[in-house]
Amino acid sequence: MKNSVSDRSFYIESDDEDEEKDLNNVDQGNDSDDSHEWNDHDAMRKPSSYSMAWPQSYRQSIDLLGSVPSPNIGFLGTTSLSRLGSSFIVPPLIKRHPPVPDTIPSAKKPLLQPTDIDDQRRSSHILHPPHLLRGSTRNVISKVAHDHEVHFSGQCTFGQAVLNGINALCGVGILSTPYALKEGGWVALSVLFIFSAFSFYTGLLLRHCLDSEPGLETYPDIGQAAFGTSGRIFISVILYSELYACCIEYIILESDNLSSLFPNAHLSLGGLELNPHVLFAILTTLAILPTVYLRDLRILSYLSACGVLATTLVVLCLFWVGLIDNVGIHSKGTTINLATFPVAMGLYGYCYSGHAVFPNLYTAMANRNQFPAVLLVCFALCTVMYAAVAIMGYTMFGEYTLSQYTLNMPQGLVATKLAVWTTVVNPFTKYPFTTYALSLTPVAKCLEELIPLNDPKFNLYSIFIRTMLVVSTLLVGLSVPFFGLVMSLIGSLLTMFVSLILPSACFLKIKWGKISQIQVALCVTVMIVAVVSSAFGSYSAISEIIEQLFG
């Protein structure tokens, strides 16, 4: 990560050209016809400035969000369970692995731990292409990877990519879609479909940016290719800010829903009285704090399917309460609420905040030609679910709709308790984009890169950084405990940039002079709509937050 390319070699030269050709032939034989040229293109990539610039840990961190194939049932085996026992940060707290050495111990000697192999691959797999590894070296890596079920990039199938894409798109934003309709009126539903179409289009733009030159693999790489180092840093700051802000949302979410389950809970500490919201926010923070110390977050990937199931269950509970438990339809709603319409724009913008994952999802696919179809399926399914929940929730609760529809559901019903408890547990299990640890860890890693590699107090600094990040999300969540308004602010101020503005700007800069006027017009239109929505949405959300705090 911090090692210099000039100091050490990141790949092993083969002494035998024939052996190198044979290995290439083996690789090509294992690939599908559709993805042949993509995998061949990956294998020929050379070390580039993109992989050495800050943040170097971005690919490693976001890979956990979008390029980890769904686990097999075999994860219950002893090898996976043994990894669980050593997955917490212990000295060394964060193990930064050196490049692959010229010689690797025999496979009979268990000196290469599975996490070591995979961490090396994640942080520098582009720097030691498989076709440049000696046969013996590659055999050892392949054997260890197979034994421990390590998934290399380029292995993600269509179905796995769709699952990861839906997880990236369909998060806690679905809880606030009825509230968005209440804030904007029925006309606001059109905003959902517009943002869905625009976000799908910009997702395709990211793919074209990645294909523009070898070595581009992540969102910050695209920013660097388009606008140099300043572009890379700006995009990285925006992406990390969005992840950090999402963690604040999780604290508020847990506090609100647990308070609805236990409204009489309180705690007295000396002369300090903690109400349910403050108490459960603190307890939630204490519960999730150990997860940010995990050294190997791949164990959380086994909860991948839980995210989709949990979201589906919460949606089904809403429809069950409305249609089966006869809560019924009580409101026709209003056509448009101009005063709070920008808040609705921010909320619906937040619903399509998966673009940080899309580049990694794309590079992880075995057949990258299927990427447009993957995006189409993901956006179609998520948009239908968002719209259905928004319509159902708003017609059930009308102008009394709260920022999370689970708080509106009658408390005495079994379906309500099931929905609320699922919502409470979901951030601890949902993979990828709504798990607290997976959201905060990339932020911690980028800050840890600023610490000198040979600093003897690196472990202490790392613990301090991660602890302070968690504590700060608690403090901000307690200071601004407005789930819907905070979500609208994130959607307006950050997600608009990540999902709409930056992909369009980068595509225009990279492809300028090579694209048609229609493509230019589409990108400019997307940027104008996003900038206007961002400005009005941010202003409206901030104004309402200030009014709630001091009004």
Using modelled atom types and a 3.5 Å cut-off, is there a donor and acceptor pairing between side-chain atoms of [X] and backbone atoms of [Y]?
X      : Y      : answer
Asn275 : His277 : yes
Asp221 : Thr218 : yes
Thr334 : Gly185 : no
Thr473 : Val470 : yes
Thr395 : Met392 : yes

Taking the side chain as every heavy atom from C-beta outward, state whether [X] and [Y] have any pair of such atoms under 4.5 Å apart.
X      : Y      : value
Tyr350 : Ser488 : no
Thr285 : Val471 : no
Val314 : Leu175 : yes
Glu217 : Pro359 : no

Exercise for review: Show your working on side-chain contact (heavy atoms from CB on, under 4.5 Å) between Val237 and Ile233 and close with a plain yes or no.
Suggested key: CA-CA 6 Å; Val237 170; Ile233 294 176; 4.2 Å; yes
Donor-acceptor pairs under 3.5 Å, side chain of residues 189-201 to any protein atom, not counting sequence neighbours: which ones?
{"residue": "Ser190", "atom": "OG", "partner": "Val187", "partner atom": "O", "Å": "2.5"}
{"residue": "Ser196", "atom": "OG", "partner": "Thr383", "partner atom": "OG1", "Å": "2.7"}
{"residue": "Ser199", "atom": "OG", "partner": "Phe195", "partner atom": "O", "Å": "2.7"}

Residues which pass side chain to side chain contact (heavy atoms under 4.5 Å, CB included) with [X], listed by chain and number, not counting sequence neighbours:
X      : answer
Pro372 : Leu204, Arg207
Phe464 : Met468
Ala281 : Ile251, Ser255, Leu474, Leu478
Thr401 : Pro178, Tyr179, Lys182, Tyr394, Phe397, Asn408

Using every non-hydrogen atom in the two residues, find where [X] and [Y] come nearest and quote the distance to one decimal.
X      : Y      : result
Ala356 : Leu239 : CB-CD2, 3.7 Å
Gly173 : Tyr386 : C-CE2, 4.4 Å
Ala344 : Ala180 : CB-O, 3.2 Å
Leu169 : Cys378 : CD1-CB, 4.0 Å
Gly393 : Leu318 : N-CD2, 4.1 Å

Point to revise | No-hydrogen, no-angle side-chain donor-acceptor test under 3.5 Å, Gln404 and Asp256 | key: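 The criterion, which ignores hydrogens and geometry beyond distance, is satisfied for Asp256 and Gln404.
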Review point. Will you find, in the side chains of Tyr219 and Ser236, an N or O donor that is under 3.5 Å from an N or O acceptor?
Key: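 No - no donor-acceptor pair under 3.5 Å links their side chains.
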Practice item. Kindly determine whether Leu243 and Leu440 satisfy side-chain contact (heavy atoms from CB on, under 4.5 Å), including the steps that lead there. Key: CA-CA 6 Å; Leu243 290 174; Leu440 196 65; over 6 Å; no
Exercise for review: Evaluate side-chain contact (heavy atoms from CB on, under 4.5 Å) for Val374 paired with Tyr362, printing each intermediate quantity in order.
Suggested key: CA-CA 9 Å; Val374 169; Tyr362 174 62; over 6 Å; no
Could you tabulate the donor-acceptor pairs under 3.5 Å formed by side-chain atoms of residues 498-508, not counting sequence neighbours?
{"residue": "Ser499", "atom": "OG", "partner": "Tyr352", "partner atom": "O", "Å": "2.6"}
{"residue": "Ser499", "atom": "OG", "partner": "His355", "partner atom": "ND1", "Å": "3.4"}
{"residue": "Ser499", "atom": "OG", "partner": "Thr495", "partner atom": "O", "Å": "3.4"}
{"residue": "Ser504", "atom": "OG", "partner": "Leu500", "partner atom": "O", "Å": "2.9"}

Please table the atom pairs, donor to acceptor, closer than 3.5 Å between any side-chain atom in residues 544-551 and protein atoms at least two apart or in another chain.
none

Practice item. Verify the neighbour count for atom CZ of Phe482: are there more than 12 heavy atoms of other residues, nucleotides or ligands below 6.0 Å? Key: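 Correct, the count exceeds 12.
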Practice item. Can you establish whether the number of heavy atoms outside Trp186 located under 6.0 Å from its atom CH2 is more than 12? Key: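 More than 12 heavy atoms, drawn from other residues, nucleotides or ligands, come within 6.0 Å of this atom.
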Ignoring hydrogens and angles, write down the donor-acceptor pairs under 3.5 Å from the side chains of residues 522-529, residues two or more places apart or on other chains.
{"residue": "Thr525", "atom": "OG1", "partner": "Ala521", "partner atom": "O", "Å": "2.7"}

Practice item. Let me know which of Thr284, Ile252, Thr406 forms a side-chain contact (heavy atoms from CB on, under 4.5 Å) with Asn257. Key: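 Output: one option passes, namely Thr406.
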Among all residues two or more places apart in sequence or in another chain, which pass the side-chain hydrogen bond (donor to acceptor under 3.5 Å, both in side chains) test with [X]?
X      : value
Thr467 : Tyr293
Glu273 : Ser268
Glu249 : none

Check your understanding: Between CZ of Arg466 and CD of Glu448, what distance do you get to the nearest 0.5 Å?
Key ->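 Nearest 0.5 Å value for the CZ-CD distance: 4.0 Å.
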Exercise for review: Please step through side-chain contact (heavy atoms from CB on, under 4.5 Å) for the pair Ser260 and Val420, ending with a clear verdict.
Suggested key: CA-CA 8 Å; Ser260 70; Val420 174; 3.9 Å; yes
